[in-house]
*Asks:* 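There's a structure below that I have some questions on.
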Amino acid sequence: MQKKFAFTATCVLSLLTLYGCNDNDESIVTSPPLTTDVNPNSCLTTASDGSNVVVGSNQVGDPAFPEPASGYRLGLKTKYSDKYMVVANTPLATKAGCEVLKAGGSAIDAAIAVQAVLGLVEPQSSTIAGSAFMMYYDASTKKVSAYDGRETAPSAATGYYLARQDQADANSLPPVPSTRRSGRSIGVPGVLRMFEMAHGEHGKLAWNQLFNNAIDLSVNGFKVPGRLADAIKANAVNLALDKNAVQTYFKADGTPYTVGETLKNVAYSETLKTIASQGASAMYKGQIATDIIAKAGQSVGDDAARTPITPSLMTLNDLTNYQAKKREAICTTYRNAYYICTMPPPSSGGIAVAQTLGILESFDMAQYAPTQPENEGGVPNVMGVHLVSEAERLAYADRDKYVADTDFVPLPAKGIPSMLDKNYLKQRASLISLNKSMGIASAGNFNSNAGIDSTVEHGTTQFTVVDAYGNVASITSTVESSMGSFHMVNGFLLSNQLTDFSANPVDASGAVVANRVEANKRPRSTMAPTIVFKGIQPGDFYIATGSPGGGTIIQFVVKTLVGILDWNLDAQQATSLVNFGATNSLITNVDSSNTTLNLSDLVTGLQDKGHVVNNGAQSSGISTIMKVAINNQMKYAGGVDPRREGLVLGNGAL
């Protein structure tokens with residue numbers, strides 16, 4: 001265990017209650033002092049009457065008091081603090097992170113506390129046995145790092161792991177009851193190893209101090225939020241095949257927990273206690289690891305019919321040998337005024353975000369700002385949406401063809417420098433017509449033989465943190481689809497992350513697919529946590545953002561960045577702004593989750609340019625923090641996605 005700072009003589013009573021002063025833990029040192037915050041109003045929120053409210057207290061105005069899941073929360077405004085801030089997609093997770101920051105923790109300390117709570121209160125989107133990508137800015141060294149906690153395929157997997165029960169038999173039936181519900185979708189988990197690595201480098205509080213909030217909620221229970229209640233109900237048939245899931249998410253009479261009812265998960269608390277005391281290794285060896293392998297290898301369901309389930313081929317050696325990776329961030333300039341750093345492969349999201357912005361540099365986007373931005377970010381401009389969507393089509397074309405786990409499949413030409421070359425992106429921009437959508441774009445010609453794949457992921461979350469030391473973390477964490485593989489063990493769900501691979505190793509033309517399954521390979525992702533600096537190098541932090549949303553993550557992140565960098569929207573306006581954009585398809589998305597906006601002229605204008613418009617509601621989960629000057633004082637400004645249940649918290653009531 002790494003040596004981390006704890007509270008000794010500097011402890012204050014309010015923090016003792018939460019985290020203790022573990023003087024006997026020889027893994028802890030006591031200097032330099034932590035930046036603790038004794039302001040009693042920190043990590044509180046403000047009710048409509050102006051009073052301060054403790055999150056999770058069930059007081060009037062408590063944002064954690066559950067309501068039915070709604071499509072859009074009107075009226076959110078940017079929140080400000082001057083020392084630290086956390087934005088997450090559930091109030092209880094935000095609170096956990098904020099309390100760690102208040103106690104002097106770093107951004108990585110807070111992120112671990114957030115992740116632990118999300119695995120309990122937002123299991124439809126996140127799990128401690130899932131995967132995550134993190135962009136981290138170390139203020140002391142002015143260095144940006146990319147942390148990769150993506151799952152891997154088992155060492156026994158081949159290209160047909162997801163397509164055939166018997167990989168070697170061309171006539172074998174596919175996994176049952178479905179690829180996702182089978183053990184074949186379950187990858188070797190990576191998120192805890194990633195956090196362990198980052199904590200060793202950037203943590204300030206001891207590892208065992210970071211799980212108390214989640215343990216307390218697991219034992220004493222929490223009120224079921226609307227989105228979790230909806231997920232339990234929607235996935236009831238698949239959850240019913242797993243007795244652990246039934247015991248957790250269904251009452252004794254067999255009915256699912258509903259909004260506002262108290263749900264406890266004692267098994268999860270025991271898992272967290274073990275991880276807190278033994279470190280992340282507790283998930284990769286010992287009893288928890290043995291239980292994971294047994295659960296993933298289950299061959300029949302726990303239902304009365306004993307439904308057949310194709311088992312995973314994951315072994316204890318796969319768990320033991322898993323390694324998180326620290327990778328070189330993708331960084332590029334934008335309009336020679338900003339320095340943007342985002343996630344490299346196996347994420348395809350970072351390259352696509354950077355390519356899209358690079359293509360947009362050829363256009364004066366500032367003249368296409370939304371109208372009435374003070375109203376939830378406003379109504380997007382037709383030409384603005386057109387140009388962003390066309391740039392994304394070009395970026396997705398390259399993403400689909402070329403990007404996969406670069407430990408297995410190299411990028412074309414000289415790799416990232418070639419794909420982000422300014423002249424190449426200018427050439428790509430020249431393919432855009434101002435008057436007509438291109439529909440489907442062709443990938444750039446790098447003389448690569450990689451095949452095309454369009455696999456996407458879904459059940460995901462985003463949290464963004466800035467600490468009192470100036471460090472910044474942007475984390476996108478995922479269980480893949482809502483409630484993952486539906487396999488549950490020791491209080492947590494196992495993800496279905498391997499379905500992010502292409503199910504077939506070759507495409508219709510017989511070309512090898514870059515994102516095919518291979519032993520120990522990481523499936524491609526679209527997650528794109530991003531950090532932006534003013535100027536052309538790291539140092540002057542400006543924006544941290546990211547979002548869940550499967551294949552549309554790229555669109556959500558680009559929309560938010562263009563909203564701030566080109567259209568001067570504030571953190572909440574850019575986050576709330578109508579989602580729009582396109583994959584490399586005929587369809588252009590225009591989010592209708594905010595039903596108070598009249599988007600008819602926007603839709604008609606796009607249709608006039610040949611866009612086929614999908615105006616269904618989109619469930620992004622953007623979490624944005626900016627550093628801005630307010631009355632000549634630097635403040636952190638936070639925006640949370642109104643399409644989910646999240647919250648912004650920091651020092652002082654917000």
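Residue numbers count from 1 along this sequence. On a predicted model such as this, the values are computed, not experimentally measured, just so you know.
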*Asks:* Under 3.5 Å, is there a donor-acceptor pair linking the side chains of Asn496 and Ser481?
*Replies:*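 There is such a pair (donor and acceptor under 3.5 Å, judged by atom type) between the side chains of Asn496 and Ser481.
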*Asks:* Step through the shown structure and confirm whether more than 12 heavy atoms of other residues, nucleotides or ligands are within 6.0 Å of NZ on Lys233.
*Replies:*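 No, because the 6.0 Å sphere around NZ of Lys233 holds 12 heavy atoms or fewer from other groups.
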*Asks:* Please check this pair: side chain of Ser185 against backbone of Arg181, looking for a donor-acceptor N/O pair closer than 3.5 Å.
*Replies:*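 Looks like no, no N/O pair under 3.5 Å.
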*Asks:* Is a side-chain donor or acceptor of Asn244 paired with a backbone partner of Met488 at a separation under 3.5 angstrom?
*Replies:*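 Checking the backbone N and O of Met488 against the side chain of Asn244, a donor-acceptor pair under 3.5 Å is found.
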*Asks:* Working to the nearest 0.5 angstrom, can you tell me the gap between Ile351 CD1 and Ile554 CD1?
*Replies:*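 Answer for the CD1-CD1 pair, Ile351 versus Ile554, is 10.0 Å.
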*Asks:* I'd like to know if Asp641 pairs up with Arg643 as an ion pair, taking the criterion as any Lys NZ or Arg NE/NH1/NH2 lying under 4.0 Å from an Asp or Glu carboxylate oxygen.
*Replies:*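 Yes, this pair counts.
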*Asks:* Between Lys204 and Asp467, does any NZ, NE, NH1 or NH2 come within less than 4.0 Å of an OD or OE carboxylate oxygen?
*Replies:*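 Salt bridge absent between Asp467 and Lys204.
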*Asks:* Can you give me the closest heavy-atom contact between Arg73 and Glu645, atom names plus distance?
*Replies:*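 Taking Arg73 first and Glu645 second, the nearest heavy atoms are NH2-C, 3.8 Å.
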*Asks:* Could you tell me whether a side-chain N or O of Ser57 sits under 3.5 Å from a main-chain N or O of Gln59, the two making a donor and an acceptor?
*Replies:*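 Yes; judged by distance alone, with no hydrogens or angles, the pair exists.
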*Asks:* Are any of the side-chain nitrogens in Glu196 or Arg193 under 4.0 Å away from the carboxylate oxygens of its partner?
*Replies:*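 Yes, charged N to carboxylate O under 4.0 Å.
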*Asks:* Can you spot which of Tyr469, Tyr147, Tyr137 makes a side-chain hydrogen bond (donor to acceptor under 3.5 Å, both in side chains) with His202?
*Replies:*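 Exactly one pass, corresponding to Tyr147.
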*Asks:* On a heavy-atom basis, which atom in Gly551 and which in Thr583 lie closest, and how many Å separate them?
*Replies:*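 Heavy atoms of Gly551 and Thr583 come nearest at O-CG2, 4.4 Å.
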*Asks:* Would you list the atom pairs, donor with acceptor, under 3.5 Å between side chains in residues 121-129 and any protein atom, with sequence neighbours excluded?
*Replies:*
unit_1	atom_1	unit_2	atom_2	d
Glu122	OE1	Thr461	OG1	3.0
Ser126	OG	Gln115	NE2	2.6
Ser126	OG	Ser477	OG	3.1
Thr127	OG1	Ala129	N	3.1
Thr127	OG1	Leu493	O	2.7

*Asks:* Report the residues that fulfil salt bridge (Lys or Arg N to Asp or Glu O under 4.0 Å) with Asp138, sequence neighbours left out, ordered by chain and then residue number.
*Replies:*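 Residues passing salt bridge (Lys or Arg N to Asp or Glu O under 4.0 Å) with Asp138: none at all.
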*Asks:* For Val55, does its backbone N or O pair with a side-chain atom of Lys95 as donor and acceptor, under 3.5 Å?
*Replies:*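 Looks like yes, one N/O pair under 3.5 Å.
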*Asks:* Just to verify, what does Tyr268 make a ring-ring contact (aromatic ring centres under 6.0 Å, His included) with, not counting sequence neighbours?
*Replies:*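 Counting only residues at least two positions away or on another chain, Tyr268 forms no ring-ring contact (aromatic ring centres under 6.0 Å, His included).
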*Asks:* Do Thr476 and Gln462 have a side chain donor and acceptor closer than 3.5 Å?
*Replies:*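 The answer is yes; a qualifying pair exists.
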*Asks:* Can you tell me if Asn265 uses its side chain to pair, donor with acceptor, with the backbone of Ser218 under 3.5 Å?
*Replies:*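 It does not hold such a pair.
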*Asks:* Where is the tightest heavy-atom contact between Ser593 and Tyr72, given as atom of each residue plus distance?
*Replies:*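 Heavy-atom minimum between the residues: O-CB, 3.3 Å.
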*Asks:* Mind checking what makes ring-ring contact (aromatic ring centres under 6.0 Å, His included) contact with Phe211, not counting sequence neighbours?
*Replies:*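 Partners of Phe211 by the ring-ring contact (aromatic ring centres under 6.0 Å, His included) criterion, ordered by chain and then number, come out as Trp207.
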*Asks:* Are the side chain of Thr575 and the backbone of Ala571 linked by a donor-acceptor contact shorter than 3.5 Å?
*Replies:*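 Yes, because the side chain of Thr575 sits within donor-acceptor range (under 3.5 Å) of the backbone of Ala571.
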*Asks:* Has Lys264 got more than 12 heavy atoms of other residues, nucleotides or ligands less than 6.0 Å from its NZ?
*Replies:*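 Counting other residues, nucleotides and ligands, NZ of Lys264 stays at 12 neighbours or fewer.
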*Asks:* Can you name the residues that form a ring-ring contact (aromatic ring centres under 6.0 Å, His included) with Phe486, not counting sequence neighbours?
*Replies:*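 ring-ring contact (aromatic ring centres under 6.0 Å, His included) check on Phe486 returns nothing, list empty.
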*Asks:* Verify, without hydrogens or angle tests, whether Ser474 (side chain) and Ala544 (backbone) share a donor-acceptor contact under 3.5 angstrom.
*Replies:*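 Absent.
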*Asks:* With sequence neighbours excluded, what pairs up with Tyr338 under the ring-ring contact (aromatic ring centres under 6.0 Å, His included) test?
*Replies:*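 Tyr338 satisfies ring-ring contact (aromatic ring centres under 6.0 Å, His included) with Tyr542 once adjacent residues are dropped.
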*Asks:* Can you tell which of Phe541, Tyr636, Phe533 makes a side-chain contact (heavy atoms from CB on, under 4.5 Å) with Val472?
*Replies:*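 Filter result, single survivor: Phe541.
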*Asks:* Between Val87, Leu118, Asn89, which is the residue that forms a side-chain contact (heavy atoms from CB on, under 4.5 Å) with Phe463?
*Replies:*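 With Phe463 as partner, side-chain contact (heavy atoms from CB on, under 4.5 Å) holds for just one option, Leu118.
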*Asks:* Quick one: closest heavy-atom pair of Pro380 and Val578, and the distance?
*Replies:*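 Heavy atoms of Pro380 and Val578 come nearest at CG-CB, 3.8 Å.
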*Asks:* For Arg150, is there an ion pair with Asp500 - N to carboxylate O distance below 4.0 angstrom?
*Replies:*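 Judged by the 4.0 Å cut-off on N to carboxylate O distance, Asp500 and Arg150 do form a salt bridge.
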*Asks:* With respect to Gln555, which candidate in Asn589, Thr588, Thr560, Asn579 satisfies the side-chain hydrogen bond (donor to acceptor under 3.5 Å, both in side chains) definition?
*Replies:*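 Exactly one candidate clears the test, Asn589.
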